[in-house]
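Please read these numbers as outputs of a predicted model, since none were measured by experiment. To find a chain, count down the sequence lines: A is the first, B the second, and so on, and within it residues start at 1.
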Number of protein chains: 2
Amino acid sequence: MRSGSHFAQTASSNPLVNSPCEKCNVAEMSLCHALSCDDLRKLSSISTGVEVGKGVTIINEMDSADFLFNVTGGSIKLYKLLPDGRRQMTGFLFPGDFLGIAMNDCYAYSAEALEDCKLCRFPRARLEELLKEIPDLENRLLNMVSNELVLAQDQMLLLGRKTAIEKVSSFLLSLSKRTKSKTGAGNVISLPMGRSDIGDYLGLTTETVSRTLTNLKKKGIVSIPTNGRLEINDIEELTDLAEGMD
Amino acid sequence: MRSGSHFAQTASSNPLVNSPCEKCNVAEMSLCHALSCDDLRKLSSISTGVEVGKGVTIINEMDSADFLFNVTGGSIKLYKLLPDGRRQMTGFLFPGDFLGIAMNDCYAYSAEALEDCKLCRFPRARLEELLKEIPDLENRLLNMVSNELVLAQDQMLLLGRKTAIEKVSSFLLSLSKRTKSKTGAGNVISLPMGRSDIGDYLGLTTETVSRTLTNLKKKGIVSIPTNGRLEINDIEELTDLAEGMD
DNA sequence: GCGTCATATTGACCTACATCAAAGACTTAT
DNA sequence: ATAAGTCTTTGATGTAGGTCAATATGACGC
């Protein structure tokens, strides 16, 4: 196995672990946030714990959208493709994030595990029944989707109007902000995705991402002790760069 | 008044017309879709009809998000700005569309009327109360926001990975599809926005939009009888161009 | 109809980033 | 440890689309 993973190869066929919602490690920041014990039990009854190995495709754009997922461990890349193979990342997911938004019953993007991942899987039909029963759950989902929409609009501004250095700086800052909101510290961030993934997220090439990062390194704004990890040394400067204030 | 409009100058201060939801011309395609008469009455009770003239700013990015709107007439542009004035359109709204998604209680973008507009305005706090009372309404809103999110992701692919001609072709096709879904015919589309608005929507300059359109005209794929109106002559060719299949 | 102003088009030139190519640095397997 | 493969970095060159500048077209008021 290329990735060396010991996890299952497909998300839908091998639910290896059944982790009840009651024990969920990301409950306070995900779909399950602020549900009553009773509601949590209902949700738990339709969920299945799933583990997938690094590199595994979890969902495929245009496949029938039979499941929704909550990420409980690892990280995931989301992307769309053009017929000739050009690729646009639409997002990276981390524990607490939600996966599986669809249109016309088909997934709107593909998703692939960047690392070994743990997911909580819900059959769409049964989750939708539950939404009718539990208004709090529907409200929670609405809030999550609304937030995602706002972030998507930020990304449009980035893709349409920012320069390479502004794009890379913005990207690092958004990862930092996420990390901070979870662990308290946002100086050291994890980069589980490759340079070409970052490029496809920012509308740049691998080479430009690399050049821009070495640029930031030379200025002392960031350090990259190892690929996969990055330290922000001057967050004010990075913030200015992200918005073109320099 | 520069625009020659006879409508009110601000969205929040001059509710000129009180149009009850029962008579709404866009009910079947908007928030109010598939609500019971009783629920519709509740919704109607918290809504105010508002008219704004061309060029009027309806909401401002970072303002306190006190209202949500449903567009019932006219068209609107949504945009975000960078500190130095660079602008990214995040969307164009037409009758049936929803306006006012917020994050941290602030609007995520600004909105300006492209033509004289009619809106249905809801105080956020009261609408949120109503969402708790009427699960169907919340479900409807969730579906609308989810659809918007999918479209936002398509736009990311466009902004990050498409060429100028692919961008312009995609834009014309999306307007065509919208028009078709409403009127049945999608060959002739209305372009209430200027070239620079289109540029800011597609991540291009005015000049590039103009050049690309004359290019499409020269090839006979579109005709532009008058600015503000465009006819698609060869929709297959335009579709191929939009996806880089040529 | 005529003048004013805003917007659109066209042309010449330029630059940020892409592309192409080669050399390093890691990773994993044996 | 070493070899093979993958990913990253760096350099040289090309180009799509931006910028700057000059007309042209159209909309509106008088």
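Minimum atom distance to the side chain of B/Arg211 is reached by C/dG11, of the listed C/dC17, C/dG11, D/dT9. Considering only side-chain atoms of A/Glu207, the nucleotide from C/dC17, C/dA21, C/dT9 that sits closest is C/dA21. For B/Thr214, the listed nucleotide lying nearest its side chain is C/dT9; candidates were D/dA12, D/dT19, C/dT9.
Side chain A/Arg195 to base D/dT10: no donor-acceptor pair is found below 3.5 Å.
Atom-to-atom, CZ of A/Arg161 to P of D/dG17 comes out at 13 Å; the value is rounded to the nearest Å. The interatomic distance linking A/Lys162 (NZ) with C/dA16 (C1') rounds to 17 Å, in whole Å. In this entry the distance linking CG of B/Asn227 with P of C/dC5 reads 21 Å, nearest Å. The CG-P distance, from A/Leu191 to D/dT9, rounds to 11 Å in whole Å. At whole-Å resolution of the value, CG in A/Leu213 and C1' in D/dC7 are 14 Å apart. D/dA16 atom P lies 13 Å from atom CZ of A/Arg86, rounded to whole Å. As rounded to whole Å, 15 Å separates atom P of C/dA18 from atom CZ of A/Arg87. Summarising the geometry, the separation between CG on B/Leu204 and C1' on D/dA16 is reported as 11 Å, rounded to the nearest angstrom.
Nearest-nucleotide positions on DNA chain D place A/Ser196 closer to the 5' end than the other of A/Ser196 and B/Ile165. Positionally, the nearest nucleotide of DNA chain C for A/Val209 lies more toward the 5' end than for the other of A/Thr226 and A/Val209.
OP1 or OP2 of D/dG18 sits under 4.0 Å from a side-chain N or O of B/Thr205. Phosphate contact (OP1/OP2 of C/dT10, side-chain N/O of B/Ser210, threshold under 4.0 Å): absent.
A/Gly203 comes within 4.0 angstrom of sugar-phosphate atoms only, judged by non-hydrogen atoms across all strands, and of no base. In this structure, B/Thr163 reaches the sugar-phosphate backbone alone: every heavy-atom distance under 4.0 Å involves primed, P, OP1 or OP2 atoms, never a base.
Side-chain contact check for B/Lys162 and B/Ser170: at least one donor-acceptor pair (N or O, by modelled atom type) lies under 3.5 Å. Using modelled atom types, one finds a donor on one side chain and an acceptor on the other under 3.5 Å when comparing A/Asn233 with A/Ser223. In the model, B/Glu115 has a side-chain atom that pairs as donor or acceptor with a side-chain atom of B/Ser75 under 3.5 Å. For the residue pair A/Arg121 / A/Asn70, no side-chain donor-acceptor distance below 3.5 Å is found, with atom types taken as modelled. A donor-acceptor contact under 3.5 angstrom links the side chains of A/Thr208 and A/Thr205, judged on distance only.
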